[in-house]
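See structure below.
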Amino acid sequence: MSLLNRIKKLPQNFVWGGATAAYQVEGATKEDGKGKTMWDDYLEQQGRFSPDPASDFYHRYPEDINLSHQYGLNAIRVSIAWTRIFPQGFGEPNRQGVTYYHQLFKYCLDHGIEPYVSLHHFDSPKTLFDQGDWLNRQNIKYFVDYAKFCFQEFPEVKNWFTINELISLAYSQYIQGNFPPNHHFDVTSAIQAQHQELLAHAQVVNLYHQMKLPGRIGLIHVIQPIYPISDTPENIHAAKLQDAFINRFLLDGTFLGYYSDETMALINEILKANNAKLTIEPGDLDILKTAASQNDYFGLNYYQSQFIQAYNGESSSKFNGTGTKGTSSFKFKGVGELVKKPGVPTTDWDWNIYPEGLYDTLKRLQKNYPNCKTIYITENGLGYKDQFVSPDKVIDDTPRIDFIDQHLAALLKARKEGVNVQGYFVWSLQDQFSWANGYNKRYGLFYVDFKTQKRYPKLSAYWFQELAKTMN
Ligand code: BGP
C-alpha cells in the first residue's frame, strides 16, 4: 500500500534531510575536554531533565547516518558545539573536539549524506554567557574567531550557517524567560541581542567571502507569521507590531542591510511602551549592508503562525513546556495578546498547525527581500507524544506524516510560483532532547528509546523513504 498522500513527487535533486543540533543529540557533555554551555548548570539546577545522554549522537552518529542513508535522505543538519572546539569560547582549540567533527563529516560524506553545518545553535559557551552572551560585543569578536577557525579547519564542509534562529534565542532568553537567564519582558535586552546576533552573523558572512572559500554561507531564521484575529484597525496594528519584533527586524537586517523606516517606527513604538531602548553604534549598519547581498542561501524554519488581538495591559506569559494543551498564554504590553483561532488545530504544546503560514512566508520573502535568493526549509515538523507499542509494531505517527505532507504541499505550491526552495529538512532526524520541554516532545523520523538508545523507524520514516524514491 502506498503511503503517499497529497505529495506524490519531489522535485529532482531536492535536498531531503533530517535536522539535529549538537546539544540536543550529542550527549557526552563532559567528554573529551568539552566546555560547559549556558545550559549545563542551569539544567542541573532545574532538575527536570538532563542533556546527557540525549540521543548519544556523539557515539552513535554512524548508526544515525546509516539510517539516514537507508531511508532515502541525502542531507543532514548538524551543528558544531562551540565548546567542543573552544571549551571557554576562545583560546586554544581542543583537538579532541576537532577530531570528532572531522570524523562526523567524513562519515556523512562517505555515506552520501551532505552535512549542512551551523556554528551556533542555542549553545553559547558558559564563560561567554556569564559575560553577557550576545549583549556583550566582545562575544561577536570571539564568534568571528571561532568561525574563522572552523572555516580553515573544515574545508570538507561546503554548506555553512552562522546562527540558528536568532529570535528564538533572544525571545526565549529575554521575553518569555524559558531559556537562561530567564528574563521576562526585558525588551531592551531582547532587541539588543537581536541586533548583535545579526552583527555577528554579518561579520562572519563578510569574512567568509573575504576568505574566498568554495562553499556557501547563510543563516537560519524561524518565521512565525502573525495574523490579526479579526480585521479591526487595532488588531491589524497589533499584528504589525509583533511581526516587526519577531520577524521583520531580523529579515530587514539580514537581507536589506538596514532596518526600514516602517520597521523602525513599529519597533520604536514597542520600545516606548516598554521603556526600552536599542543602541546602534556607528559602523554597525555598514557591516549589515555589506553582508546583505552576500548570503548565499537562507535557512527557513517554520513551525507555526500566531493570531493576535490588540492589548494594552501589563505583560505576562505562561509557557507550556509539558504538553498540557491550553496552558500557555502571552500578553505583550503595547503590542498584543496571542489568541486561538477557531478551526485552526493545535498541538499538545499549543502550537498552531497552519501550513498556509509557510506559503505566505515564502511569498513574502520573494516579494520583499530580493537578496533572499535560495531557500531551504531547515526545520519543520510536529512535536508529538509518540507511543511505543512493541518492537514488532511500527510506531504509527500518522499525524506527523499529515503535518509534513501539508507543509510540503505549501512549499511546492510556492515553488511552482517561482519561489526558489531547494530543500527540506525535517525536524528532527531522530527523537532528541528539547530545550524547555525535555524528552516527551518527540519530533523524530526515528524513535529513540532513551533508556537503551535503540532506534526504531516510525511510519514517517517509511513515508520519507517512499517520497525520496520519487526524485529519480
Ligand atoms: C527550533 C530549534 C530546535 C528545536 C525546535 C523544536 O526552535 O531550532 O532546536 O528545538 O525548534 O522546538 P521545541 O524543542 O521547543 O519543541
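In listed order, ligands and their atoms are each counted from 1.
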Original post:
Among protein heavy atoms, which lies nearest atom 11 (O) of ligand 1, and at what distance?
Top reply: Glu379 OE1, 3.5 Å
**OP:** Starting from atom 5 (C) of ligand 1, locate the nearest protein heavy atom and write down its residue, its atom name and how far away it is, to 0.1 Å.
**Re:** Tyr303 OH, 3.3 Å
Original post:
Does a donor on one side chain sit under 3.5 Å from an acceptor on the other, for Tyr58 and Asp32?
Top reply: yes
**OP:** For a ring-ring contact (aromatic ring centres under 6.0 Å, His included) with Phe105, tell me which candidate from Trp160, Phe154, Tyr61, Tyr116 qualifies.
**Re:** Phe154
**OP:** Measure from NZ or CZ of Lys385 to the centre of the six-membered ring of Trp349, then state whether that distance is under 6.0 Å and the direction lies within 45° of the axis.
**Re:** yes
**OP:** Please could you name the atoms of ligand 1 that His121 approaches to less than 4.0 Å, counting only its heavy atoms?
**Re:** 2 (C), 3 (C), 8 (O), 9 (O)
Original post:
Just heavy atoms, cut-off under 4.0 Å: does Val222 contact ligand 1 by side chain, backbone, both, or neither?
Top reply: neither
Subject >> Residues Lys126, Asp40; criterion salt bridge (Lys or Arg N to Asp or Glu O under 4.0 Å); working and verdict >> reply: CA-CA 8 Å; Lys126 166 86 168 126; Asp40 298 49; over 6 Å; no
**OP:** Please say which of Phe149, Trp134, Phe90 ends up in a ring-ring contact (aromatic ring centres under 6.0 Å, His included) with Phe143.
**Re:** Trp134
**OP:** For Ser434, take its heavy atoms, then give the atoms of ligand 1 lying under 4.0 Å from any of them.
**Re:** 13 (P), 14 (O), 15 (O), 16 (O)
Original post:
Side chains of Asn66 and Tyr107: donor-acceptor distance under 3.5 Å anywhere?
Top reply: yes
Original post:
Is the closest heavy-atom distance from Trp349 to ligand 1 below 4.0 Å?
Top reply: no
Subject >> Pair Arg84-Glu26, salt bridge (Lys or Arg N to Asp or Glu O under 4.0 Å): steps then yes or no >> reply: CA-CA 11 Å; Arg84 282 202 197 281; Glu26 287 178 0; 2.7 Å; yes
**OP:** Provide, to 0.1 Å, the distance between atom 15 (O) of ligand 1 and the closest protein heavy atom, together with that atom's residue and name.
**Re:** Asn437 ND2, 3.2 Å
**OP:** Name the closest protein heavy atom to atom 10 (O) of ligand 1, giving the residue it belongs to and the distance to 0.1 Å.
**Re:** Gln24 NE2, 3.1 Å
**OP:** Report yes if Trp435 has an N/O atom closer than 3.5 Å to an N/O atom of ligand 1; otherwise report no.
**Re:** yes
Original post:
At a 4.0 Å threshold, what atoms of ligand 1 neighbour a non-hydrogen atom of Asn164?
Top reply: 8 (O)
Original post:
Quick one: nearest non-hydrogen protein atom to atom 7 (O) of ligand 1, plus distance?
Top reply: Glu165 OE1, 2.4 Å
Original post:
Below 3.5 angstrom, do we get any N/O pair linking Trp427 and ligand 1?
Top reply: no
**OP:** Give the residue and atom name of whichever protein heavy atom lies nearest to atom 6 (C) of ligand 1, and the separation in Å to one decimal.
**Re:** Tyr443 OH, 3.5 Å
Original post:
Between Asp386 and Arg400, does at least one N-O distance fall below 4.0 Å, as a salt bridge requires?
Top reply: yes
Subject >> Under-4.0 Å heavy-atom contact with ligand 1, by part of Phe433 that carries it >> reply: neither
**OP:** Could you tell me whether the side chains of Gln432 and Tyr443 share a donor-acceptor contact shorter than 3.5 Å?
**Re:** no
